[in-house]
Each structure stands twice: as structure tokens, then as C-alpha cells.
Amino acid sequence: MRLIDVLVHKKSLTPCPIWMMRQAGRYLPEYKEVRKNYDDFMQFCFSSEDVVKVTLQPVERFPLDAAIIFSDILVIPHILGQRVWFEPDHGPKLEKIDFNAFLKTAPLISFKTMLASVADAIAKTRATLDPTKALIGFAGAPWTVLSYMISSGKTADFNTVLHFAKQNTDIFSRLLALIEEKVAELLCLHISAGANAVQIFESWAIAVPPKLRNLYLYAPLKRIIHSVRKEYPSVPIIYYARGVSSDYKNLRDLDIAFGIDETADITKLRAELPHAVLQGNLSPQKLLNGDFDTDVDHILKSMQGTPHIFNLGHGINKDTPIAHVERMIKRIQKIYS
Ligand code: CP3
């Protein structure tokens with residue numbers, strides 16, 4: 001598997017492996033066709049057969065090197081008892097709950113039972129997927145998941161969450177510890193079902209003030225990595241934390257790959273982390289607009305001869321033309337041919 005050659009063996013491949021964050025999603029007409037059958041997005045996430053189908057759609061359409069299992073980072077609160085739903089154009093909504101009561105009931109819930117259909121979908125996807133392509137499992141990181149849980153959905157700023165954390169130190173630290181444990185459990189479940197690598201999404205890392213980052217982001221991350229590696233010592237882990245890539249140099253001893261958003265200076269990052277696997281950086285907005293050629297060339301030039309995975313800086317926009325994705329992939333391959 002080309003992706004694993006880079007992630008595990010730190011090879012520099014030409015052309016480099018390619019996948020896209022949110023590659024299974026609404027920019028694909030065939031995804032929308034399946035999505036139509038569900039009013040409830042969460043129910044879709046637990047429908048094994050359709051999960052397999054939409055996970056495979058992008059790799060069937062494009063010459064990508066990996067599939068990422070179709071699911072969501074909000075599956076964790078949902079199965080722990082905080083209902084999650086999606087309203088069109090409003091992003092996720094989460095039920096307002098009493099966290100004291102939640103902390104009593106949530107630890108009793110069995111992930112293995114609740115996630116049987118997800119494990120089944122992963123096993124079936126792995127069995128169907130071209131053996132040269134990797135299957136990626138994933139979870140949201142605790143701070144990001146908890147932000148959605150506390151703010152009951154997408155917030156414009158994180159003052160509410162930071163305020164809650166300050167006012168309810170005990171509940172917040174117990175919630176963080178619980179989600180941390182569940183994230184590790186979910187990643188292990190994905191790996192045991194057949195995922196070849198896992199990615200941890202800390203999409204709202206930027207909202208944490210620098211002096212709290214160790215407590216809220218990096219200490220939980222280290223414990224999650226430790227738990228996962230205790231079970232699966234050699235599984236590759238990709239850490240994608242939006243807006244804080246200047247901290248990655250301090251995490252170099254963790255032996256993980258780093259996902260980079262579109263605001264990062266990748267030349268600088270490569271200099272700071274000469275041996276680490278780096279992934280990402282192309283602006284989804286530019287992929288949408290079509291003015292991405294120079295950036296693709298710049299990324300490839302900066303990463304030349306080093307372990308690199310081509311990806312976007314964030315999830316692909318739902319209005320991205322298919323032709324732009326095709327052109328991006330051709331450009332990456334052509335530069336090397
Ligand atoms: O293809 C893949 O990447 C795999 C599936 C995947 C989804 N969500 C499916 C999805 C993955 C890896 C995610 C991760 C996720 N979910 C993150 C982290 C990555 C990021 O984008 O920062 C976050 C923050 C979420 C929470 C979430 N789920 C949001 C904010 C939304 C709404 C997005 C929107 O544009 O409306 C979702 C819903 C969601 N998850 C969709 C998909 C394909 C779109 C909803 C739909 O089909 O109706």
C-alpha cells in the first residue's frame with residue numbers, strides 16, 4: 001500500500017499518495033443519491049451497507065490511494081446518549097443535556113455493541129477495497145468533540161466552551177477524560193475491524209489559547225496515542241489539528257504523521273520537521289475556484305524527496321466541481337511523469 005509505505009516506512013514516493021479529507025461527501029452526485037434515502041444523518045452513519053457504498057465511491061471515481069470510512073466525529077456523543085442531528089445548512093445540532101447525569105450513564109454504554117454496524121462496514125470495505133489502497137479510520141480529538149457537545153453544535157466563537165471549562169473545572173476535566181478514553185476505544189475498534197491507519201481530527205484546535213493547549217490538546221493526544229499503541233504498536237496515526245501547526249515541532253517525538261491546514265507555511269514546517277510525514281495544505285477554496293495549479297506545484301516542490309501525502313488543508317467543499325478534482329490529481333501525477 002502506497003499510503004502505508006509513506007506512513008510506516010517514511011518513503012518518499014513519486015507521485016506521492018493522494019486522498020482528500022471529506023472525500024466521501026456532497027460534491028459527489030452518487031453520494032447525494034444515497035444520502036437522499038436518509039432524513040437522519042446519524043442513521044445513515046450506522047447503515048452498514050450504505051456506509052460501505054459511499055466509502056468506496058471516491059476511490060472508484062478517482063485514482064486515490066486511500067478510502068476513509070464514512071462516519072462522523074459526532075458518533076461518540078450520539079452513542080453515549082447526547083442526541084445529534086443535522087439541519088440543512090446549519091451544521092450539527094446536539095441535544096442540551098445535564099452533563100452530571102451524562103457522566104454517570106455514558107461510561108456504562110458498550111461501544112462494541114453500539115458500533116457493531118460500523119465495525120461490520122469497515123470489515124466489508126476492507127474486503128472489497130483494492131489491496132493496494134489503504135483504509136483510514138478516524139475520530140475527533142477530545143477538545144473538538146467536547147466543544148460540539150458543550151455548545152450544542154457549531155459555535156462562531158469558543159468563549160462559551162472556554163467559559164464552561166473555567167466555571168465547571170471538575171465536570172470539564174471528567175468529560176475530557178471520558179471522551180479521551182472513548183476516542184482511544186473508537187480508534188482501536190476501527191483498527192481491529194480493518195483500518196490500516198487512523199486520523200485524529202482536532203478541527204477546533206485554534207480556539208484553545210496557547211497556555212491551555214497542553215492540558216486540552218496535547219496531553220490527551222499523548223494518552224490516546226499511548227492507549228492505541230499498547231494494542232496496535234505499529235499502526236500509523238495522523239494528527240490533524242487546524243491552526244496550530246507551529247506547535248507540531250514540539251510533538252516530533254511522538255512518531256506520528258501531521259495533517260496541515262491551508263494557512264500553514266509548509267516550507268517552514270518541513271524545515272522544522274525534516275523527517276516527519278506531512279499531509280495536506282492545499283486550500284479547499286482554491287480547489288473549488290479552480291485556481292490551484294501554482295499551489296499544487298509549490299506543495300510538491302517543498303515536499304520533494306521527503307515523506308509526503310497529498311491532501312487538502314481541510315474538507316473538500318460541497319460545491320467543488322468534479323473536473324477540478326480530476327485536474328488536481330492529473331497535475332500531481334503529470335509533474336512526475
Ligand atoms: O469522507 C470522509 O472524510 C469521511 C467521513 C467524514 C464525515 N465527517 C462525513 C460527513 C469525516 C472524516 C468527518 C469528520 C468531521 N465531522 C469533522 C472533522 C473534520 C472537519 O471537517 O473539520 C467535523 C468537525 C465533523 C462534524 C460535522 N459533521 C460537521 C461540522 C458537519 C456539517 C458539515 C456541513 O458542511 O454541513 C458534519 C456532517 C457531515 N459529516 C457530512 C459528511 C459527508 C455532510 C452532511 C450530509 O451529507 O448531509
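Please read these numbers as outputs of a predicted model, since none were measured by experiment. Every number for a ligand or one of its atoms is a count from 1 in the order of the listing.
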**OP:** Answer with yes or no whether Lys318 contacts ligand 1, where contact means a heavy atom under 4.0 Å from a ligand atom.
**Re:** no
Original post:
At the 4.0 Å heavy-atom cut-off, does Tyr31 count as touching ligand 1?
Top reply: yes
Under 4.0 Å from a heavy atom of [X]: give me the atoms of ligand 1 that qualify, with their elements.
X: His314; result: 20 (C), 21 (O), 22 (O)
X: Phe86; result: 28 (N), 31 (C), 32 (C), 37 (C), 38 (C)
X: Phe70; result: 9 (C), 43 (C)
X: Tyr148; result: 24 (C), 30 (C)

Does [X] reach ligand 1 with a nitrogen or oxygen that is under 3.5 Å from one of the ligand's nitrogen or oxygen atoms?
X: Ser203; value: yes
X: Arg35; value: yes
X: Ile68; value: no

Do [X] and [Y] have a side chain donor and acceptor closer than 3.5 Å?
X: Arg270; Y: Thr306; answer: yes
X: Glu262; Y: Gln285; answer: no
X: Tyr38; Y: Asp50; answer: yes
X: Asn317; Y: Arg22; answer: no

Subject >> Residue part near ligand 1, for Gln199, under 4.0 Å between non-hydrogen atoms >> reply: neither
**OP:** Under 4.0 Å, heavy atoms only, figure out whether ligand 1 is touched by the backbone of Thr144, its side chain, both or neither.
**Re:** neither
**OP:** Please determine if Arg61 and Glu30 form a salt bridge, counting it only when a charged side-chain N lies under 4.0 Å from a carboxylate O.
**Re:** yes
Original post:
Is any NZ, NE, NH1 or NH2 atom of the basic residue among Glu202 and Arg242 found under 4.0 Å from an Asp or Glu carboxylate oxygen of the other?
Top reply: no
**OP:** Just grab all the ring pair (Phe, Tyr, Trp, His ring centres under 6.0 Å) pairs involving residues 56-81, residues at least two apart or on different chains.
**Re:** Tyr31-Phe70, Phe41-Phe70, Phe44-Phe70
Which option, [options], owns the non-hydrogen atom nearest [atom]?
atom: atom 30 (C) of ligand 1; options: Gly315, Gly91, Pro92; result: Pro92
atom: atom 28 (N) of ligand 1; options: Val84, Thr55, Asp72; result: Asp72
atom: atom 10 (C) of ligand 1; options: Phe138, Trp204, Phe41; result: Phe41
atom: atom 7 (C) of ligand 1; options: Pro58, Ala24, Gly25, Ser71; result: Ser71
atom: atom 27 (C) of ligand 1; options: Gln23, Glu87, Arg22; result: Arg22

Original post:
Within 45° of the ring axis of Phe111 and under 6.0 Å from its six-membered ring centre, is that where the NZ or CZ of Lys182 lies?
Top reply: yes
Original post:
Pick from Asp295, Asp293, Thr294: which one makes a side-chain hydrogen bond (donor to acceptor under 3.5 Å, both in side chains) with Lys286?
Top reply: Asp295
Original post:
Under a single-linkage definition using a 4.5 Å side-chain heavy-atom cutoff for Ile, Leu, Val, Met, Phe, Trp and Tyr, are Leu288 and Ile322 assigned to the same hydrophobic cluster?
Top reply: no
